[in-house]
J.: 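Please find one structure pasted underneath; my questions will follow.
Nothing here was measured: the structure is a model prediction, and the numbers come from that model.
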Amino acid sequence: MSEYAQIPMQFVGPLKVSGLTIEGDYEVPLATYEMPLWPSVNRGARVSMNCAGGIKCTVIDDRMTRSVLFEAPDATEAFRALEKIKADFPALGKVVEGTSRFARLININSQIAANLLFIRFEFTTGDASGHNMCTQAAEALMNHILEKYPNLKYGSISGNYCSDKKATAVNGILGRGKYVVAEIMIPEKIVRRYLKTTPSNVVQLNIRKNLIGTLLAGGSRSANAHYANMLLGFYLATGQDAANIVEGSQGFTICEEREGDLYFSITLPNLIMGTVGNGKGLDFVLENMERMGLTEDREPGENSKRLACLCAATVLCGELSLLAAQTNPGELMDAHRRIERGQNT
């Protein structure tokens, strides 16, 4: 019996990417059983190579969280303790620094429900996604708080106000992982040549499908066609915790027709990923990271931000290609029949 699951993987691209932290043409790996994904993302990549500046990626924010749960005698005691904990922020920061070379406490958010006190600690974690780093720091913070405030009792090291691997609103509002926007301006002739559609058709479908359709379905802070497809392929190929595509796929596709051309963008508020840590020591992951130029020595956090930009650019390519395909009757299913079933249409 094999010790590893065998998942087909291919590099796609090159993609033209630009931004504050990254610039150049890159090939990116996708591990997936959905074989039409490779040519679909490749089509979006070809579009990027034919647009001035390609895909512009901006990292808006970068933080990782762990929420802990305390039990107080009543809501008044929970509130009093919370006020003192907030005032003790500098000391809490020193506690965190004692747990890791890279973890730094940057903010605290909280909720009180009855006599329960939920505290959401927010950290920077260098180039790591930070799951274990944040849990270790949160454990040290809990011990410090329980010792200092005897009216509080331990509830849980994770109170779900984080919120890890669940589709919630809090991550998009307060931030968890890397918040990345990827955008591109596509001339009309490129839309017609490579995507076989028009800017107005893509814009109309995005409004009707991604915005109105998702609203009718009751989507939670999400309006996109299939971010999860590209995210899963990218996460598996780069050694990430693939369960984080749950919150990672909560994002928005926004596009406009501008003087006949197509402005196309994706917003990913919750990209949880890193270039170091668990899963990154596998040979194929190391090779993939090296091929993307993410093993070079840079300031802490820079490689992981570049990784997030490449991920966002990949998502944009796949999202663009699928929406374009769905403006044309029969195109989507024809591609699946031809590529997955070997049927000529």
Side-chain angles (χ1 to χ4, degrees), residues 7-19 22 24-51 53-57 180-186 190-191 193-197 202 205-206 209-210 224-240 242 245 248-249 251-253 255 262 264-268 271 273 284-285 288-289 291-294 306-328 331-340:
I7 303 175
M9 184 180 72
Q10 284 188 19
F11 271 80
V12 296
L15 300 72
K16 184 179 291 294
V17 184
S18 64
I22 193 168
D25 300 343
Y26 295 85
E27 293 182 324
V28 296
L30 291 175
T32 181
Y33 291 112
E34 189 168 357
M35 292 181 291
L37 193 65
W38 297 318
S40 181
V41 174
N42 261 326
R43 181 164 74 155
R46 284 196 300 273
V47 169
S48 77
M49 295 297 291
N50 285 275
C51 296
I55 302 166
K56 184 178 181 180
C57 295
V180 188
V181 174
E183 50 195 341
I184 188 171
M185 277 298 306
I186 312 172
I190 299 299
V191 175
R193 178 179 177 184
Y194 291 101
L195 300 174
K196 312 303 181 187
T197 187
V202 174
L205 180 62
N206 184 60
K209 170 190 170 71
N210 286 343
N224 65 78
H226 73 142
Y227 287 8
N229 266 333
M230 287 73 71
L231 288 176
L232 180 59
F234 195 91
Y235 273 44
L236 292 176
T238 58
Q240 312 301 322
I245 69 167
S249 62
F252 319 101
T253 298
C255 54
L262 177 64
F264 193 90
S265 73
I266 62 143
T267 298
L268 293 162
L271 270 187
M273 56 175 48
F284 80 92
V285 173
N288 291 347
M289 292 290 191
R291 186 163 169 178
M292 291 186 289
L294 300 176
R306 292 167 72 91
L307 177 72
C309 286
L310 292 176
C311 180
T314 304
V315 172
L316 183 147
C317 288
E319 182 79 352
L320 173 66
S321 182
L322 179 66
L323 280 178
Q326 290 184 348
T327 66
N328 298 316
E331 183 177 329
L332 177 65
M333 197 60 232
D334 284 348
H336 279 265
R337 278 193 291 263
R338 182 166 34 85
I339 297 169
E340 291 186 323

J.: Please report the shortest heavy-atom distance between S48 and I184, naming the atom on each side.
T.: CA-CD1, 3.8 Å
J.: Using atom types as modelled and distance alone, determine if a side-chain donor or acceptor of S321 lies under 3.5 Å from a backbone N or O of G318.
T.: no
J.: Specify the closest pair of heavy atoms between P14 and M49, including all atoms of both residues, with the distance to one decimal.
T.: O-CG, 3.3 Å
J.: If you take all heavy atoms of A308 and V180, which pair is closest and at what distance?
T.: CB-CG2, 3.9 Å
J.: Listed by chain and number, what are the side-chain contact (heavy atoms from CB on, under 4.5 Å) partners of A228, not counting sequence neighbours?
T.: I245, S249
J.: Output, in order, the C-alpha distance, side-chain angles, deciding distance and verdict of side-chain contact (heavy atoms from CB on, under 4.5 Å) for E34 and N229.
T.: CA-CA 8 Å; E34 189 168 357; N229 266 333; 3.0 Å; yes
J.: Would a 4.5 Å heavy-atom cut-off, applied to side chains only, mark I266 and N224 as touching?
T.: no
J.: Is the shortest side-chain heavy-atom distance between N210 and F252 below 4.5 Å?
T.: no
J.: Supply the atom-to-atom distance T32 OG1 to L236 CG, rounded to the nearest 0.5 angstrom.
T.: 8.0 Å
J.: With side chains defined as the heavy atoms from C-beta onward, is the minimum distance between L320 and C255 less than 4.5 Å?
T.: no
J.: Minimum heavy-atom separation for D25 to K16, with atom names?
T.: OD1-NZ, 3.2 Å
J.: Excluding sequence neighbours, so at least two apart, what forms salt bridge (charged side-chain N to carboxylate O under 4.0 Å, His left out) with R291?
T.: E27
J.: M230 versus C317: any side-chain heavy-atom pair under 4.5 Å?
T.: no
J.: Take I186 and Y194 through the side-chain contact (heavy atoms from CB on, under 4.5 Å) test and state the conclusion after the steps.
T.: CA-CA 11 Å; I186 312 172; Y194 291 101; over 6 Å; no
J.: Roughly how far, to the nearest 0.5 Å, is CG of N42 from CG of L37?
T.: 9.5 Å
J.: Testing the basics here: between H226 and E319, what is the closest heavy-atom pair and its distance to 0.1 Å?
T.: N-OE1, 3.2 Å
J.: With the side chain counted from C-beta on, respond yes when T238 and M273 share a heavy-atom pair under 4.5 Å apart, and no when they do not.
T.: no
J.: Within this structure, what is the CD-CG distance for the pair Q326 and N206, rounded to the nearest 0.5 Å?
T.: 11.0 Å
J.: Are L231 and C311 close enough, and set up right, to give a side-chain contact (heavy atoms from CB on, under 4.5 Å), and what steps lead you there?
T.: CA-CA 7 Å; L231 288 176; C311 180; 3.5 Å; yes
J.: Roughly how far, to the nearest 0.5 Å, is the CZ atom of F264 from the CG atom of L195?
T.: 9.0 Å
J.: Between V12, N288, L307, which is the residue that forms a side-chain contact (heavy atoms from CB on, under 4.5 Å) with V28?
T.: V12
J.: For the residue pair A225 and L323, what are the closest heavy atoms and their distance?
T.: CB-CD2, 4.2 Å
J.: Kindly indicate whether the side chain of L310, heavy atoms from C-beta on, has any atom under 4.5 Å from the side chain of F234.
T.: yes
J.: Do the side chains of Y227 and T253 get nearer than 4.5 Å, heavy atoms only?
T.: yes
J.: Once side-chain contact (heavy atoms from CB on, under 4.5 Å) is applied, do any residues pair with S18, and if so which ones, sequence neighbours excluded?
T.: E23, K56
J.: For residues Y235 and L271, determine if any side-chain heavy atom of one lies less than 4.5 Å from a side-chain heavy atom of the other.
T.: yes
